[in-house]
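Below you'll find the structure, written out as structure tokens, and then a few comments.
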Amino acid sequence: MKVDAAVNEYVRRGAEVAGVHGGLLEVLTSSYRELDVQLPIRCESGELLLCRGYRVQHNGARGPYKGGIRYHPSVNLPEMRAMASLMTWKSALVDVPFGGAKGGVAVDPDVLTEWDLQQITRKFAQHIHHVLGPYRDIPAPDVNTNAQTMAWFMDAYSDINGYTPAVVTGKPVSLGGAPGREQATGWGVVDVLAAYFEHHGDDVAGKRVAIQGFGNVGSWAAEKLGRIGATVVAVSDVYGGIHCADGLNIEALSRDVKEGASVGEVSQGELITNNELLGLTCDVVIPAALGEAITEKNVGRISAELVVEAANFPVTPEADAVLKDRGIPVIPDILANAGGVAGSYFEWTQNIQQFTWSEDRFGKELCARLNTATRTTLRRAEDAAVTMREAAFAIGVERVAEATRLRGYV
Ligand code: NAD
């Protein structure tokens, strides 16, 4: 099943719980607008690089489209369509006034220079700027993009439209970014996890956790887990992972990775593969890398007691059904990584009000919002006797369906 059809499978199950059917459901399971643009770049080497850029706007009933931009060779239109849809339900679930979007460029950033990446970012912004804006569509960082990418993007947009910091979130703090936004997705994963355990009369402190992916999301989740007394026993990146039953030293690991080391080059624990990491016996496994990490092929390996989807769409519907049968709960992506869009909302509000918050306020508001969304999801799952994913999608679909109806779209 293609990724966009698979995400729609999740949407349909949520819609069933929410009682949303017919033409309205058809609107909610297709995108509003899909851009596919040609990006010819003259690289620093003098070579011509021709790549494609995509921006999909899924549903804007509740507010401007919102979603990240990723740079990866596997980026394609169905994937962007699926990710844009997830953003719609995520924004609704944490009750921020955004719709859903996603974008990306099909390119391998590992083989490009900083100068090449800047040219790609500027050209992409120039080619899609007409559908963007603080009240239209607001990009953010995602896989292989970061605050620097957002600074270039904002600058290219501002060249055409005048200075507009609110057109992107995840900017450097010195350019209107919010202290806390860089950490928001990873920290938010842990806020959701803490609320989950609290709801069950348990505590995240003392839990043993394995994390696949040690980029923005995985590394900040690991940092907060360590700070609140959980033990991170394994982490990985695209090249493989490391495992230490007594717990890894996350501070030292983050420092080495920031300086350019891969996880496996850091002298801690024993080397493991990504598949071995997913199969470790521990309390929580957190896929925080790319989509479709857990499929029907490797789901049998999962030995953790809880799966937390920090990445977008890391568990396919086939694997999800197996986890359900085995009684392994899954905290779904639209809840688990919603700290990113909530943090982006805080940055956007500060930009449009030209008023800055402290990092402390940012962290407290983030935690409160995610706590509410987690409790609401858990209560709905219990009341309707459905999984957390079905409950989360049901809440998202209900809220978007109501806005869609009220605005007279259908
Ligand atoms: P990133 O580029 O900062 O890090 C990605 C990490 O995953 C890196 O450590 C990379 O080496 C690793 N990785 C890549 N391919 C892999 C593979 N095949 N196997 C194992 N590891 C692999 O990206 P990020 O911003 O941390 O995003 C990670 C996930 O979280 C993505 O699914 C993204 O859509 C999702 N997400 C990110 C944000 C955000 O604010 N950055 C918000 C919500 C969701």
Side-chain angles (χ1 to χ4, degrees), residues 1-18 20 25 28-29 58 78-79 81-90 92-93 100 102 189 192-193 196 199-200 209-213 217-218 274-275 277-338 373-374 376-378 380-398:
M1 198 186 312
K2 272 207 171 150
V3 60
D4 49 345
V7 165
N8 272 342
E9 188 63 30
Y10 287 148
V11 179
R12 284 200 185 88
R13 280 190 223 153
E16 210 173 295
V17 177
V20 171
L25 182 56
L28 300 184
T29 47
H58 175 259
E79 183 189 43
R81 196 179 283 144
M83 300 293 130
S85 168
L86 289 176
M87 286 303 299
T88 298
W89 319 116
K90 191 181 305 179
L93 180 63
K102 197 77 168 192
V189 169
V192 169
L193 193 53
Y196 171 88
H199 179 87
H200 290 99
V209 186
I211 305 176
Q212 183 196 46
V217 180
N274 266 292
N275 247 343
L277 180 144
L278 291 174
L280 285 174
T281 304
C282 54
D283 296 303
V284 184
V285 65
I286 306 183
L290 296 184
E292 299 178 81
I294 303 174
T295 65
E296 74 267 40
K297 289 200 185 112
N298 63 359
V299 66
R301 300 182 73 108
I302 300 290
S303 312
E305 288 178 16
L306 174 69
V307 176
V308 181
E309 296 186 331
N312 282 310
F313 194 65
V315 178
T316 63
E318 296 82 6
D320 196 50
V322 175
L323 291 171
K324 186 178 173 185
D325 284 349
R326 290 178 56 201
I328 300 175
V330 178
I331 302 185
D333 45 11
I334 62 170
L335 174 63
N337 69 37
T374 307
T376 309
T377 304
L378 284 163
R380 182 66 177 265
E382 285 162 7
D383 291 350
V386 295
T387 64
M388 269 181 283
R389 190 189 307 283
E390 287 160 340
F393 272 91
I395 297 163
V397 166
E398 248 162 33

Decide if atom CD of Glu9 counts as having more than 12 heavy atoms of other residues, nucleotides or ligands within a radius under 6.0 Å. yes

Spacing of His199 atom NE2 and Leu378 atom CG [to the nearest 0.5 Å]: 4.5 Å

Heavy atoms only: give me the nearest Ala18-Ala394 pair and the separation to one decimal. CB-O, 3.7 Å

Donor-acceptor pairs under 3.5 angstrom involving side-chain atoms of residues 322-330: please list them, not counting sequence neighbours.
from	atom 1	to	atom 2	distance (Å)
Arg326	NH1	Val299	O	3.1
Arg326	NH1	Ile302	O	3.2
Arg326	NH2	Ile302	O	2.7

Looking only at non-hydrogen atoms, find the nearest pair between Val189 and Ala310 and report the distance. CG2-CB, 3.8 Å

Please list all pairs passing the salt bridge (charged side-chain N to carboxylate O under 4.0 Å, His left out) test where one or both residues lie in residues 298-312, with sequence neighbours left out. Glu309-Arg389

Would Val308 and Val192 satisfy side-chain contact (heavy atoms from CB on, under 4.5 Å), going step by step from the backbone distance to the final call? CA-CA 9 Å; Val308 181; Val192 169; 5.8 Å; no

For a 4.5 angstrom cut-off between non-hydrogen side-chain atoms, does Phe393 reach Leu86? yes

Counting C-beta onward and ignoring hydrogens, is there a side-chain heavy-atom pair between Leu193 and Leu306 closer than 4.5 Å? yes

By side-chain contact (heavy atoms from CB on, under 4.5 Å), Ala384 pairs with (sequence neighbours left out) Val17, Val386

What's the separation between atom CD in Gln212 and atom CG in Leu277, rounded to the nearest 0.5 Å? 6.5 Å

CE on Met87 to NE2 on His58, rounded to 0.5 Å: 12.0 Å

Between the main-chain N or O of Val315 and the side-chain N or O of Asp320, is there a donor-acceptor pair closer than 3.5 Å? no

Nearest heavy atoms of Asp333 and Pro314, plus distance in Å: OD2-CD, 4.2 Å

Counterpart residues, salt bridge (Lys or Arg N to Asp or Glu O under 4.0 Å), relative to Asp4 (two or more places apart): Arg81

Criterion side-chain contact (heavy atoms from CB on, under 4.5 Å) against Ser303, the qualifying member of Leu278, Val285, Thr281, Leu280: Thr281

Under the side-chain hydrogen bond (donor to acceptor under 3.5 Å, both in side chains) test, residues paired with Arg380 that sit two or more places apart: Glu398

Sequence neighbours excluded, which residues qualify as side-chain contact (heavy atoms from CB on, under 4.5 Å) partners of Ala392? Leu93, Pro332, Ile334, Thr377

Just to verify, what does Ala338 make a side-chain contact (heavy atoms from CB on, under 4.5 Å) with, not counting sequence neighbours? Lys90, Val94, Leu370

From CG (Leu28) to CH2 (Trp89), nearest 0.5 Å: 4.5 Å

Check side-chain hydrogen bond (donor to acceptor under 3.5 Å, both in side chains) between Glu318 and all other residues, then give those that pass, not counting sequence neighbours. Thr316

Would you name the heavy atoms of Ser85 and Val11 that are closest together and state the gap between them? OG-CG2, 3.9 Å

Tell me the salt bridge (charged side-chain N to carboxylate O under 4.0 Å, His left out) pairs involving residues 284-293, sequence neighbours left out? none

Partner set under side-chain hydrogen bond (donor to acceptor under 3.5 Å, both in side chains) for His200, not counting sequence neighbours: none

Can any side-chain N or O of Asn298 pair as donor or acceptor with the backbone N or O of Ala293 at less than 3.5 Å? yes

Using side-chain hydrogen bond (donor to acceptor under 3.5 Å, both in side chains) as the criterion, list what pairs up with Thr387, not counting sequence neighbours. Glu390

I'd like to check Pro317 versus Arg13 (side-chain heavy atoms, cut-off strictly below 4.5 Å). Are they in contact? yes

